[in-house]
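Only one structure is covered here, and it is reproduced in the block below.
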Amino acid sequence: MADIAASNATAIAPGRLKVDASTLGLGVVLVVTTILKLTVFAGQPLTIDEVWTGMIAGQGSLAGLIRECQRDVNGPLAYIIGWLWAHLSGLSNGALRAPSMVFACAAPLIALAPHRLANRSVRYAWATLLACWMPGLIFAEQARCYALVLLLATVNAVTYARLLSRPSVAMAFIWTSVSALFILSHYVAGLLVGCQGIAYLAIHRGKAFKTWPAALMFVPALASMAFQAVSLIGFAQPATAALPPMALSDILPTAGVLLGGSIAWPLIAIWACAGLIAARRSPLGLAPTPASDQQKALVWTAATALLATGICLGIGLTRPIVSPRFMTIFAPGVMLGLALMANRLSHVWRAAPAVLGALVFALVLTFSAMSLFFSPPTAGAMFSFEPAAQALMGYQPRRLIFFWDNPTTSGAGADQLDQLGQIGGFFFKRAGHPLAVDVVAWTKGADPNTMILSKARAPGDAILWIYDRGVPGALVITHPPVIAERDSHWACHDFGDEKVGIVACHGRDKQT
């Protein structure tokens, strides 16, 4: 929080030890947010994306891991970590999410490290913003790559600022090594790293060119992208895109994720306006002051994050390949810029950093209370079929008819059908009751009820139909589920909500 003066120090042991209010406040923020990250979403079922992680982590061989990573469009680093960890911890929900917990809780601590680059006010404000970043609270309890991305984005920002302040071959190797891992955690990170590299060359020129051997560290990341080229190209095609296209109206909400989401960014904007008003009224104002190399490096680090964000959003307007979650890549750099702004405003508004810290802390406490006590997410809101699978297990099925109603699976080949089969059977296999999974292929214009019932004929069959009405082209929009109405043999229950459907069916006449 604020770098409060020594006169505000709080005595812990008179005459021996004093902890000032800013350190005490930061300690409270870090402890409380860590507890929240370990508890708020801990009991939630796995989302379908997390099941994907669990399926890959559960591969019994290195060959299986490599095969599934090649089929996926995401960077392989989080999957590799999950696979290695699963061999020690198993595949329970808590075990799958444990690495994310560690990564999300560690990110704010990294912000405290660059004591030679940033003064305490900047480091405390940056750590507070990272600790209270609301998406981070969610990512801490998701077995996905985004908590790892948050951590590596923070480390990337620190190492890049150090490189800019003191360019050397050794520091360049550190930055490129971290950046390569960053890209391997999420390929869109290459956009930020590219902007950083261009800025580095433009700022230091001759000195930068002398560090060229460090670029060799990017070879594994480039090789990985080439290895997954087919999946990546397919992901970027509008006809098979897994993400909805962005409109101009989506720009502000998507960019708002950088500051914590739709509730956080307007309040932070008000704080910034209040600071600028205070600066305008102050006789000192915000007149330019000589900046050290370290300060310039921090400003450039934040600026490249803002530039990369703008480019990413621009790409999102032309291709349906950008998700609000991708803002995780740029958030640490942008929040560093906000911390620098708070420090600058403190010259005319002394409480600016403290007010910013208190604001984001209050927001994360409110968000946590709402999630825990007032509007906990449902299985449908989380797109989770874990409760449905657990319910079907009670009927001891021998075969599962699985249909994921999404146009991205149109024309699925043997590889994709095999993947979907492993996804549908994940919870059964994890529970020690593996079963055969018959995947219903997505066919444009077809009636899923007819397709599913044509397959679900044998004794011991069960049905699981998952859909999202918000996905353009989903068959459920024109053919709602009426399996039980068409065949009285089936009893069905929808574990979803108004938008997301998770329809599970079992036989009425006898246990399947």
Side-chain angles (χ1 to χ4, degrees), residues 40-41 43-52 93 134-135 137-138 141-142 144 241-247 249-250 252-254 256-257 261-263 320 323-325 366-392 400-410 420 423-424 427 440 442-453 456 462-487 490-506:
V40 173
F41 296 104
Q44 297 299 325
L46 293 183
T47 65
I48 195 167
D49 286 342
E50 290 180 281
V51 173
W52 223 279
N93 291 7
M134 286 187 283
L137 196 71
I138 299 172
E141 286 290 353
Q142 283 191 347
R144 295 296 289 164
L243 299 171
M246 283 182 62
S249 58
D250 297 321
L252 193 56
T254 302
V257 175
S262 58
I263 298 176
S323 165
R325 292 174 296 180
T366 302
F367 174 70
S368 300
M370 293 293 293
S371 300
L372 280 170
F373 305 115
F374 299 103
S375 56
T378 63
M382 296 189 69
F383 211 157
S384 172
F385 67 92
E386 183 175 356
Q390 290 174 339
L392 289 177
L400 179 69
I401 310 302
F402 182 67
F403 180 52
W404 187 5
D405 184 1
N406 193 304
T408 59
T409 64
S410 176
L420 291 173
I423 294 297
F427 292 109
V440 178
W442 193 92
T443 306
K444 185 176 181 179
D447 182 353
N449 298 280
T450 302
M451 292 191 298
I452 292 170
L453 287 172
I463 296 170
L464 187 57
W465 174 3
I466 302 173
Y467 59 81
D468 183 346
R469 294 183 185 275
V471 174
L475 300 179
V476 71
I477 297 173
T478 53
H479 299 91
V482 288
I483 291 174
E485 288 83 345
R486 289 202 184 171
D487 188 339
W490 294 101
C492 299
H493 178 73
D494 189 348
F495 289 82
D497 53 26
E498 294 180 357
K499 181 185 177 185
V500 172
I502 304 165
V503 179
C505 304
H506 62 86

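The side chain to side chain contact (heavy atoms under 4.5 Å, CB included) test applied to Ala446 returns Thr443, Met451, not counting sequence neighbours. With sequence neighbours left out, Arg486 forms a salt bridge (charged side-chain N to carboxylate O under 4.0 Å, His left out) with Asp447. Taking Ser262 as the reference, nothing meets the side chain to side chain contact (heavy atoms under 4.5 Å, CB included) condition, with sequence neighbours excluded. The side chain to side chain contact (heavy atoms under 4.5 Å, CB included) check on Ala491 picks up His506, Arg508, with sequence neighbours excluded. Residues satisfying the salt bridge (charged side-chain N to carboxylate O under 4.0 Å, His left out) criterion with Glu50, sequence neighbours excluded, are Arg97. Take Ile138 and apply the side chain to side chain contact (heavy atoms under 4.5 Å, CB included) test, not counting sequence neighbours, and it matches Phe41, Gln142, Phe367. Annotation: ring-ring contact (aromatic ring centres under 6.0 Å, His included) contacts of Phe402 (sequence neighbours excluded): none. Listed by chain and residue number, nothing satisfies the salt bridge (charged side-chain N to carboxylate O under 4.0 Å, His left out) test with Asp468 (two or more places apart in sequence, or in another chain). By the salt bridge (charged side-chain N to carboxylate O under 4.0 Å, His left out) test, Arg325 pairs with Asp49, sequence neighbours left out. Under the side-chain hydrogen bond (donor to acceptor under 3.5 Å, both in side chains) criterion, Trp404 pairs with no residue, sequence neighbours left out.
The distance from atom SG of Cys492 to atom CD of Glu485, rounded to the nearest 0.5 Å, is 7.5 Å. Considering CZ of Phe427 and OG of Ser384, their distance stands at 5.5 Å, rounded to 0.5 Å. The structure places CG of Leu46 at 11.0 Å from CZ of Arg144, a figure rounded to the nearest 0.5 Å. The distance from atom CG of Leu475 to atom CG of Asn406, rounded to the nearest 0.5 Å, is 9.5 Å. With rounding to the nearest 0.5 Å, the separation of CH2 in Trp490 from CD1 in Ile483 is 8.0 Å. We find the CD1-CZ distance between Ile477 and Arg469 to be 8.0 Å, quoted to the nearest 0.5 Å.
Residues Tyr467 and Phe403 place their aromatic rings such that the two centres sit no closer than 6.0 Å.
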message: Assess the residue pair Asp405 and Trp442 against the criterion (side-chain hydrogen bond (donor to acceptor under 3.5 Å, both in side chains)); give the C-alpha distance rounded to whole Å, side-chain angles, the decisive distance to 0.1 Å, and a yes or no.
response: CA-CA 7 Å; Asp405 184 1; Trp442 193 92; 2.9 Å; yes
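The 12-atom threshold is exceeded at CD1 of Ile48, counting heavy atoms of other residues, nucleotides or ligands nearer than 6.0 Å.
The two residues Pro407 and Pro472 come nearest to each other via the heavy atoms CG-O, 3.3 Å. A pairwise comparison of heavy atoms in Val257 and Pro324 identifies CG1-O, 3.7 Å as the closest pair. Contact detail for Ala391 and Phe495: the closest heavy-atom pair is CB-CZ, 3.6 Å. For the residue pair Leu400 and Gly424, the shortest heavy atom distance occurs at CD2-O, 3.4 Å. Contact record, Leu137 with Ser368: CD2-OG, 3.3 Å, taken as the closest heavy-atom pair.
If you run side-chain contact (heavy atoms from CB on, under 4.5 Å) between Trp465 and each of Val476, Ile502, Ile401, only Val476 comes through.
Without hydrogens or angle criteria, Asp250 side chain to Ala247 main chain gives a donor-acceptor distance under 3.5 Å. Asp497 contributes a side-chain N or O that, together with a main-chain N or O of Val500, makes up a donor-acceptor pair within less than 3.5 Å.
Within the 4.5 Å cutoff, side-chain heavy atoms of Phe385 are placed close to those of Val51. In this structure the side chain of Leu464 never reaches within 4.5 angstrom of the side chain of Val503, judged on heavy atoms.
For the 3.5 Å distance criterion, the side chains of Asn93 and Glu386 qualify, holding a donor opposite an acceptor.
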